[in-house]
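Before any comments, here is the structure.
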2 protein chains.
Amino acid sequence: MVNIGDVARAAGVARSTASYALSGKRSVSDEVRDRVRRVAAELGYTPNAGARALATSQSKVIGLLAQFLPDEFAPAMLQYIQGVANTARDAGYDILLASDPDGPGALKRITDSRMVDGVVLLNVAENDDRLPILRAAPQPGALVGLPADCTGVDVFDLDFEEAGRAMVEHLDRLGHRELILVSQPEHVIERGGAYVWRLQNAALETARNRGITLHAVHGSSAQPEIGRELHALLDSRPGATGLLLNNEAAAAALPTVLHERRLSAPGDLSVLGRYSDEFARTFSLPFSSIESAPDRLGRMAVRQLVRRIEHQAPEGEPYVVRFVSPELVDRGSTAPPPNRH
Amino acid sequence: MVNIGDVARAAGVARSTASYALSGKRSVSDEVRDRVRRVAAELGYTPNAGARALATSQSKVIGLLAQFLPDEFAPAMLQYIQGVANTARDAGYDILLASDPDGPGALKRITDSRMVDGVVLLNVAENDDRLPILRAAPQPGALVGLPADCTGVDVFDLDFEEAGRAMVEHLDRLGHRELILVSQPEHVIERGGAYVWRLQNAALETARNRGITLHAVHGSSAQPEIGRELHALLDSRPGATGLLLNNEAAAAALPTVLHERRLSAPGDLSVLGRYSDEFARTFSLPFSSIESAPDRLGRMAVRQLVRRIEHQAPEGEPYVVRFVSPELVDRGSTAPPPNRH
DNA sequence: CTGAAAGCGCTTACAG
DNA sequence: CTGAAAGCGCTTACAG
């Protein structure tokens, strides 16, 4: 392959001059600059990434740590990845995708080897075992998901407490008195998926304050289990008039369950989920939902990470914990409860 | 960070000896080897990836070119990515994910800069504009998807012709005489998605040979359009007793459509799709299907790519075009046509 | 079995 | 405005 020495020779200048002419980091006569650039284009010169990284200590690559866990819903994960990838590209960074089940190991490898200038962690758990590695690494990191300890990293997440409150308040205002909340599986919590109880606790407290009965349960993250569970749940709580879903698999399964029961929303049951608009479209879900904004969170994380990498964030600028406010996307699946006798 | 010089000094040997002790590429006395390795572990030494790449001309990274096109179904794409990522990791390679809308540009950038040792192209089109770039690149490439010209690359794809034949034959055997085939949107073909007509043409020919009426149509790749289209289609072809789906969005939308029409499969209508088992589970699709094996295709592509990269494939070994045979996963949605009068 | 040295392809102070 | 040289951190022939 052609290297910068070839370009310099063909342009009749020194390698350093060729480098400066291409980077613009030092002024070069117009004539030389144009000649070098023309020659570089003609020869099809592209800098060797390894050599450049070695010389500059910058790889122009961002590490993306995603995990495809069997108890998380893969299509939901994809949207975060897309948000991160698109924003990184626009900022001039490539993405090294580490989907290793051994998260800490993968993180240590890509940071220690200087393959990446910074790192985005997806699916962050309460006590995420990747965080000690990240804090010890020389590169900055941005998280999507709220851990117990946020020191040394920038954190972005949906405001799940507010989401829990908003969901209950919305149905309270419509006059509902008995609700069901289906959350993710219990082992998501055990693994440290704090968002599950953050939403649930806020929902329970709001319900208590407003004299509403709220049945909080956990549901499976896959078919056909979750479908059976939803049936059993609706059987056992005939008085409930509203269904809140903090579980993507449950949301995806619900249309079929409702059809099978000859129920419709909101006529027979008000339904309110928590997932992204893109998710709703993919699964053609007709239910109103709290927007979880994965693309937006991915974008925010990358933007802040790039600021840190490029030292646009003043040295010592405090780390941020930023919550995205939940917004309700009304798809017409909530209404006052039906009259019963 | 600690580099190999630090390790060498701490172990009291030359840098070259340290390097050999760690790599094992030349015999080193047991004593020295153990000492170097212990010291390296104590200091937490990890080789600098850029320096190593520069010295060896190997990055140990595989480029993955995926595109999230609005007319392709994103969750289906994810499974190929997972197959590629998992296999690459097991082979000791990291993944550089390029989801750039400008595929050729991204490919040129990551190959010219030597960021990657090889490349996997997903979603390959009939006349894919990334192929000329790939052929000109010094790195080997593996494709998932069949282009018109396969020279210089290894190609892996589902045997869509055989899939089309198998679908029609299966319903013929059950006694169906009038079928509908819903393919991907027409612009997928225009963009070069050859698998659409490969399956369709084979299905049409098989139907013709067997005296079966086959209505071949294109469907949208998103809700709610595809739902409406399915309704209109079933309205306009009341005599059809079997529905073939080569369109993931249509498959995902069909359960709702059938419920709305008070139809069930296979009682009222036999249904046969073409998607992966994982896809069926995610969308809880109760329809039999031709397995599209995305994980397997991703795995095959990476395995062959790694062979080429590591020269385990003898110099000049011919390039392969390998088709995965379609397998029918029976979920009980096909049966003899209902008796009508 | 081990060491000193060259070289991979860049960038960037240092001189002029 | 430009060039010669050092250095980033590895690996690997070349010597002994």
Side-chain angles (χ1 to χ4, degrees), chain A residues 1-37 39-40 43-61 109-117 138-139 310, chain B residues 1-37 39-40 43-61 109-117 138-139 310:
Chain A
M1 286 296 290
V2 32
N3 63 29
I4 199 166
D6 300 326
V7 173
R9 198 174 321 115
V13 298
R15 299 193 317 161
S16 54
T17 303
S19 176
Y20 285 120
L22 293 171
S23 71
K25 288 189 183 172
R26 153 170 123 174
S27 61
V28 170
S29 71
D30 288 4
E31 190 220 322
V32 168
R33 178 168 39 70
D34 292 347
R35 182 150 36 97
V36 169
R37 293 194 175 181
V39 166
L43 299 180
Y45 167 69
T46 306
N48 179 297
R52 173 173 279 181
L54 184 56
T56 62
S57 302
Q58 287 233 342
S59 65
K60 284 293 191 175
V61 173
R109 183 166 44 75
I110 67 176
T111 52
D112 280 0
S113 68
R114 305 300 187 118
M115 296 179 91
V116 298
D117 295 336
Q139 296 100 332
E310 301 183 349
Chain B
M1 288 297 289
V2 31
N3 62 30
I4 199 166
D6 300 326
V7 173
R9 198 174 321 115
V13 297
R15 299 192 317 160
S16 54
T17 303
S19 176
Y20 285 120
L22 293 171
S23 71
K25 289 190 182 169
R26 153 169 120 175
S27 61
V28 169
S29 72
D30 287 4
E31 189 219 324
V32 168
R33 178 168 42 68
D34 292 347
R35 182 148 38 95
V36 169
R37 294 194 173 180
V39 167
L43 298 181
Y45 167 70
T46 307
N48 179 297
R52 173 173 279 182
L54 184 56
T56 62
S57 303
Q58 286 233 342
S59 65
K60 284 293 190 177
V61 174
R109 184 166 43 76
I110 67 175
T111 51
D112 280 0
S113 68
R114 306 299 188 119
M115 296 178 91
V116 299
D117 295 337
Q139 297 98 334
E310 302 183 349

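All chains are named by letter (A, B, ...) in the order of the sequence lines, taking the proteins before the strands, and each is independently numbered beginning at 1. Being a predicted model, the structure only gives us computed values, none of them experimental.
To the nearest 0.5 angstrom, B:Leu54 atom CG is 6.0 Å from A:Asn48 atom CG. A distance of 10.0 Å separates OG of A:Ser59 from CZ of A:Arg114, quoted to the nearest 0.5 Å.
The listed nucleotides are C:dT2, D:dG3, C:dT11; the one nearest the side chain of B:Val32 is C:dT2. Candidate nucleotides C:dG9, D:dC10, D:dG3 were compared by shortest atom distance to the side chain of A:Asn48, and C:dG9 ranks first. Residue B:Val13 places its side chain closer to C:dG3 than to any other of C:dT11, C:dG3, C:dC8. Closest approach to the B:Leu54 side chain among C:dC8, C:dC10, D:dC10 is made by C:dC8 (side chain taken as heavy atoms from C-beta onward). Distances were taken from every side-chain heavy atom of B:Ala14 (C-beta onward) to each of D:dT12, C:dG3, D:dC10; the shortest belongs to C:dG3.
Among the atoms of the strands shown, base atoms are found under 4.0 Å from some heavy atom of B:Ser19.
Rounded to an integer number of Å, the gap from A:Arg15 CZ to C:dT11 C1' is 10 Å. Between B:Glu31 atom CD and C:dC1 atom P the separation is 12 Å, expressed in whole Å. Put simply, OH on B:Tyr45 is 8 Å from C1' on D:dG9, counting in whole angstrom units. For the pair A:Met115 CE and D:dC8 P, the interatomic distance rounds to 22 Å; values are reported in whole Å. One atom, CG of A:Leu22, and another, C1' of C:dG9, lie 14 Å apart when rounded to the nearest Å. The distance from atom CG of B:Asn3 to atom C1' of D:dC8 is 10 Å, rounded to the nearest whole Å. Atom-to-atom, CZ of B:Arg114 to P of C:dC10 comes out at 10 Å; the value is rounded to the nearest Å. Put simply, CD on B:Gln58 is 17 Å from P on D:dC10, counting in whole angstrom units.
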Give me the distances for all protein-to-nucleotides 13-15 of chain D N/O pairs that come in under 3.5 Å?
residue : atom : partner : partner atom : Å
D:dA13  : N7   : B:Tyr20 : OH           : 3.2
D:dA13  : N6   : B:Tyr20 : OH           : 3.3
D:dC14  : N4   : B:Arg26 : NH1          : 3.3

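Residue B:Arg52 places none of its side-chain N or O atoms closer than 4.0 Å to OP1 or OP2 of D:dG9. Residue B:Ser27 places at least one side-chain N or O closer than 4.0 Å to OP1 or OP2 of C:dC1. Here B:Lys25 does not reach the OP1 or OP2 of D:dT11: none of its side-chain N or O atoms lies under 4.0 Å away. Residue B:Ser29 places none of its side-chain N or O atoms closer than 4.0 Å to OP1 or OP2 of C:dC1.
With salt bridges taken as basic N to acidic carboxylate O contacts below 4.0 Å, none links B:Asp34 and B:Arg37.
Of all heavy-atom pairs spanning A:Val2 and A:Tyr45, the tightest one is O-CD1, 3.5 Å. Considering all non-hydrogen atoms of both residues, B:Lys60 and B:Asp117 come closest at N-OD2, 2.6 Å. Here the closest heavy-atom approach between residue A:Gln139 and residue A:Thr111 is recorded as NE2-O, 3.0 Å. In plain terms, the two heavy atoms of A:Met1 and B:Asp112 that are nearest each other are CE-OD1, 3.8 Å.
The backbone N or O of B:Asp6 lies less than 3.5 Å from a partner atom in the side chain of B:Asn3, making a donor-acceptor pair.
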### Query
With Watson-Crick and G-U wobble geometry limited to distances under 3.5 Å, how should the secondary structure of DNA chain D be encoded in dot-bracket form, using | for bases paired to another strand and [ ] for crossing pairs?
|||.||||||||.|||
Show which side-chain atoms of residues 11-29 of chain B pair as donor or acceptor with protein atoms under 3.5 Å away, not counting sequence neighbours.
residue : atom : partner : partner atom : Å
B:Ser23 : OG   : B:Ser19 : O            : 3.2
B:Ser23 : OG   : B:Lys25 : N            : 3.2
B:Ser29 : OG   : B:Val32 : N            : 3.2

### Query
Do B:Arg109 and A:Thr46 pass the side chain to side chain contact (heavy atoms under 4.5 Å, CB included) test, and can you show the C-alpha distance, the side-chain angles, and the key distance before you say yes or no?
CA-CA 8 Å; B:Arg109 184 166 43 76; A:Thr46 306; 5.7 Å; no
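The residue among B:Ala51 and B:Thr17 whose nearest nucleotide of DNA chain C is located toward the 5' end is B:Thr17.
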